[in-house]
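Residue indices begin at 1 and follow the sequence shown. Keep in mind that the numbers below use all heavy atoms, side chains included, and drop hydrogens, waters and symmetry copies.
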Amino acid sequence: MKVDPLATFEHLVDRHPHVSAEELLQGFRPSERFGEVSFDTYHPDPAQPSQAEAVRELQAFAQTVGKSSSSGGGFFSRLFGGGAQAPSGLNGIYLDGGFGVGKTHLLASLWHAVEGPKAFGTFVEYTNLVGALTFSKTVQALSQYKLVCIDEFELDDPGDTVLMSRLMRELSDAGVKIAATSNTLPGALGEGRFAAADFKREIQVLADQFKVLRVDGEDYRHRGLPEAPRPVAVGEEQATVERLFAPDTRVALDDFPALVEHLSRVHPSRYRQLIDNLEGICWTNVEPITQQAVALRFVVLADRLYDKDLPIVSSGVPFDQVFTEEMLAGGYQKKYYRAISRLTALAREGAESSRV
């Protein structure tokens with residue numbers, strides 16, 4: 001009798017990816033999850049008219065990409081003085097809303113709708129790009145694009161505020177259109193993370209760059225779905241993967257504390273490559289993360305896992321307990337709640353996995 005091969009297990013802690021600056025730049029496109037989305041595949045909730053309005057606004061914005069402003073001069077040049085300010089939203093558009101209302105889907109749809117050179121990445125990926133290429137080379141590279149899409153726009157510290165303000169000013173002066181999503185209104189970016197008063201002017205400049213579109217709705221990742229599955233019993237993780245996953249599935253099996261420690265030795269810009277060629281994740285002994293720096297690295301990993309739609313099987317505490325109460329009440333709470341939402345969705349996929 002022929003026996004189907006069981007899942008193939010390997011370990012993230014054994015992976016040490018090396019990525020060149022050129023490879024980083026080539027990766028600035030929507031992830032596999034959003035690789036083929038469009039405005040037509042976004043289904044607005046009839047009970048939330050702001051969703052349909054966002055589609056119309058973005059479709060109109062897409063038509064302006066690649067067309068220079070008739071008033072002359074860059075958008076930020078006008079903000080900092082000299083010349084009349086362009087109409088609101090001419091060079092930038094911003095989607096604000098709660099978790100799971102489809103903002104990334106809409107931003108990726110905009111990217112797909114625009115022809116020519118363009119970039120799509122998260123806020124963290126852009127700051128990592130600057131670290132890899134240097135600021136001047138990042139500006140030089142991105143200035144050749146017609147559109148730069150920034151997903152999950154968050155300001156975590158004063159350095160990031162100055163960096164992104166300067167980067168977007170230079171890109172806008174070069175005629176690049178900018179679109180962004182975030183779970184925070186622009187004028188409130190940075191609140192609770194550092195002394196916002198010291199950077200009020202820079203934050204306001206960032207806020208003034210965007211035409212704000214509010215996207216209301218409930219988290220689609222959990223809409224009408226049962227409660228998230230409970231973690232499996234300790235010692236049953238591998239057997240659970242072999243029972244639920246299709247034969248010969250490539251799964252990364254790691255002890256959670258060891259994995260979290262390993263993340264400190266891999267730059268977050270390489271987390272996408274860290275999980276390359278995997279079809280599932282299995283973690284043993286998930287426990288609360290108590291250090292902020294460690295938690296923020298784990299958030300980046302959670303985002304990359306969600307991008308690749310990798311189902312998770314785990315033991316230990318559920319994902320809504322992986323961050324401390326202090327973290328969930330602090331300045332980075334939106335990042336942590338986004339991570340919980342995404343990890344919970346992947347855990348549900350793990351419990352229901354029947355991949356072939």
Side-chain angles (χ1 to χ4, degrees), residues 11-17 99-100 122-125 127-128 131 152 154-161 182-184 189-196 219 221-222 227-237 252-272 274-275 281-307 310-348 350:
H11 310 287
L12 292 179
V13 295
D14 294 335
R15 293 186 168 198
H16 303 272
F99 305 104
T122 65
F123 178 86
V124 171
E125 287 176 317
T127 58
N128 288 337
E152 301 157 12
E154 302 268 351
L155 296 183
D156 298 330
D157 58 46
D160 284 343
T161 300
S182 179
N183 297 308
T184 310
L189 286 172
E191 288 186 8
R193 296 179 176 86
F194 55 90
D219 191 337
R221 287 186 281 267
H222 313 298
E227 291 186 6
R230 304 298 299 174
V232 303
V234 175
E236 296 295 322
E237 303 92 348
L253 170 63
D254 289 275
D255 177 63
F256 188 77
L259 171 64
V260 169
E261 181 181 355
H262 181 63
L263 293 180
S264 67
R265 296 189 288 270
V266 180
H267 193 275
S269 65
R270 301 173 181 174
Y271 287 2
R272 192 183 301 277
L274 180 68
I275 60 175
I281 297 292
C282 182
W283 290 331
T284 63
N285 304 306
V286 174
E287 62 183 18
I289 299 174
T290 58
Q291 298 181 34
Q292 188 101 269
V294 176
L296 290 173
R297 286 194 294 268
F298 181 64
V299 166
V300 177
L301 178 63
D303 288 338
R304 301 292 78 78
L305 292 173
Y306 183 75
D307 285 345
L310 294 180
I312 299 175
V313 170
S314 65
S315 65
V317 303
F319 290 125
D320 60 2
Q321 297 178 25
V322 78
F323 304 112
T324 66
E325 292 184 5
E326 291 77 12
M327 292 176 184
L328 295 177
Y332 298 101
Q333 60 179 284
K334 292 183 181 294
K335 286 188 175 184
Y336 296 138
Y337 279 111
R338 183 186 73 233
I340 290 172
S341 173
R342 291 181 166 186
L343 290 168
T344 299
L346 296 177
R348 184 178 289 113

Backbone N/O of [Y] and side chain of [X]: donor-acceptor pair under 3.5 Å:
{"X": "T344", "Y": "S341", "result": "no"}
{"X": "D254", "Y": "V13", "result": "yes"}
{"X": "E237", "Y": "G235", "result": "yes"}
{"X": "S315", "Y": "N285", "result": "yes"}

Checklist entry - Step by step, would you call Q292 with Y332 a side chain to side chain contact (heavy atoms under 4.5 Å, CB included)? => result CA-CA 9 Å; Q292 188 101 269; Y332 298 101; 3.7 Å; yes
Within this structure, what is the [atom1]-[atom2] distance for the pair [X] and [Y], rounded to the nearest 0.5 Å?
{"X": "Y306", "Y": "L301", "atom1": "OH", "atom2": "CG", "result": "15.0 Å"}
{"X": "L253", "Y": "W283", "atom1": "CG", "atom2": "CH2", "result": "12.0 Å"}
{"X": "I340", "Y": "K335", "atom1": "CD1", "atom2": "NZ", "result": "14.5 Å"}
{"X": "L343", "Y": "F323", "atom1": "CG", "atom2": "CZ", "result": "6.5 Å"}
{"X": "R272", "Y": "N128", "atom1": "CZ", "atom2": "CG", "result": "10.5 Å"}

Flag side-chain contact, heavy atom, 4.5 Å: [X] against [Y]:
{"X": "F319", "Y": "L346", "result": "no"}
{"X": "L305", "Y": "I275", "result": "yes"}
{"X": "R338", "Y": "D303", "result": "yes"}
{"X": "P288", "Y": "V317", "result": "yes"}
{"X": "R297", "Y": "S264", "result": "yes"}
{"X": "V286", "Y": "V322", "result": "yes"}

Checklist entry - Between E125 and R304, does a side chain to side chain contact (heavy atoms under 4.5 Å, CB included) hold up when you go through it step by step? => result CA-CA 11 Å; E125 287 176 317; R304 301 292 78 78; 4.0 Å; yes
Checklist entry - Using 30° and 60° as the class limits, which term best fits the ring planes of H262 and H16: parallel, tilted or perpendicular? => result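 Answer is perpendicular, since the angle exceeds 60°.
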Item to check | Geometric class of the F256/F298 ring pair [parallel <30°, tilted 30-60°, perpendicular >60°] | outcome: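 Correct class here is perpendicular.
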Looking only at heavy atoms, which two atoms of [X] and [Y] are closest? And how far apart?
{"X": "A302", "Y": "A339", "value": "CB-CB, 4.2 Å"}
{"X": "Y337", "Y": "L328", "value": "CE1-O, 3.5 Å"}
{"X": "T284", "Y": "P257", "value": "O-CD, 4.1 Å"}
{"X": "Y271", "Y": "V300", "value": "CD2-CG1, 3.5 Å"}
{"X": "L274", "Y": "R15", "value": "O-NH1, 2.8 Å"}

Checklist entry - Do T122 and E152 have side-chain atoms, one donor and one acceptor, less than 3.5 Å apart? => result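 Per modelled atom types, T122 and E152 side chains form no pair under 3.5 Å.
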Item to check | R230/E236 salt bridge by N-O under 4.0 Å criterion | outcome: no
Checklist entry - Is it true that atom CD of Q291 has more than 12 heavy atoms of other residues, nucleotides or ligands lying nearer than 6.0 Å? => result no
